[in-house]
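We use all heavy atoms of the structure for the numbers below, so side chains are in, but hydrogens, waters and symmetry mates are not.
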Amino acid sequence: MTAWAQSLIRISNYEVETLQKRLAEITARRASAEMRIAVLDAEAEIEQERARGDADAAMMLQAYLNGWKLRKGAAEADVVVMDAEEEGARDALTSAFEELKKFEHVAEMTRLNAAIEAGKRETAAFDELGLRRRAG
């Protein structure tokens, strides 16, 4: 394989690995945001249950729920943003992987063509040697 092909493949592999790490990081952040939503929902249920048995908690429940709605809305907005980020990262990773495969294919075709050419030269050299022996 030629040096330029090795360099292109190495660079493409690096890009694929970098994009895989980015995608994993985005996925982890998204899972964390989804967990925040689940925790917020559980906390709201707990507070509503407390409000059923405690008059002071019942008086403050509406204020709590207003804050809860804001926090949940922010977490849900984060998930939407991360979904878009994740989709973009997946698209970029797919493109980078396709580029890597193209470079690998070109490198392999270059190697095969070089082997074919070497075989042709060898055959021509043997043919010439055979002709000299017959003539000589």
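Atom CD of Glu87 sits in a sparse spot, with 12 or fewer heavy atoms from other residues, nucleotides or ligands closer than 6.0 Å. No more than 12 heavy atoms of other residues, nucleotides or ligands lie within 6.0 Å of CZ in Phe97, so this atom counts as exposed by the packing criterion.
Here the rule is side chain to side chain donor-acceptor pair (under 3.5 Å) with Glu85, and of Arg29, Arg90, Arg30 only Arg29 fits it.
To the nearest 0.5 Å, the span separating CZ on Arg111 from CD1 on Ile116 amounts to 10.0 Å. Summarising the geometry, atom CG belonging to Leu23 is positioned 13.5 Å from atom NZ belonging to Lys21; distances are rounded to the nearest 0.5 Å. Atom-to-atom distance recorded for Ile11:CD1 and Gln6:CD is 12.0 Å, nearest 0.5 angstrom. Note that CD of Glu15 and CG of Leu93 are 9.5 Å apart. Values are rounded to the nearest 0.5 Å. A distance of 7.0 Å separates CG in Asp83 from CD in Glu34, rounded to the nearest 0.5 Å. Interatomic distance, NZ of Lys120 versus CG of Asp127, reported as 13.0 Å (0.5 Å rounding).
Residues Leu65 and Leu40 fall within the same hydrophobic cluster, defined by Ile, Leu, Val, Met, Phe, Trp and Tyr side chains chained together at heavy-atom separations under 4.5 Å. Note: the hydrophobic cluster containing Val106 also contains Phe103 (ILVMFWY, side chain heavy atoms under 4.5 Å, direct or indirect links). By the rule that hydrophobic residues join a cluster once side-chain heavy atoms approach within less than 4.5 Å of another member, Trp68 and Ile37 end up as members of separate clusters.
A salt bridge does not link Glu25 with Arg22: none of the charged nitrogens is closer than 4.0 Å to a carboxylate oxygen. Note on Glu128 versus Arg132: salt bridge recorded, some NZ/NE/NH1/NH2 to OD/OE distance being below 4.0 Å.
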Could you please spell out the steps behind the salt bridge (charged side-chain N to carboxylate O under 4.0 Å, His left out) verdict for Glu98 and Lys101?
CA-CA 5 Å; Glu98 287 171 355; Lys101 291 300 160 197; over 6 Å; no
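Residues Asn66 and Gln62 have side chains that bring a donor and an acceptor to within less than 3.5 angstrom of each other.
The shortest non-hydrogen separation linking Ala51 to Ala58 is O-CB, 3.4 Å.
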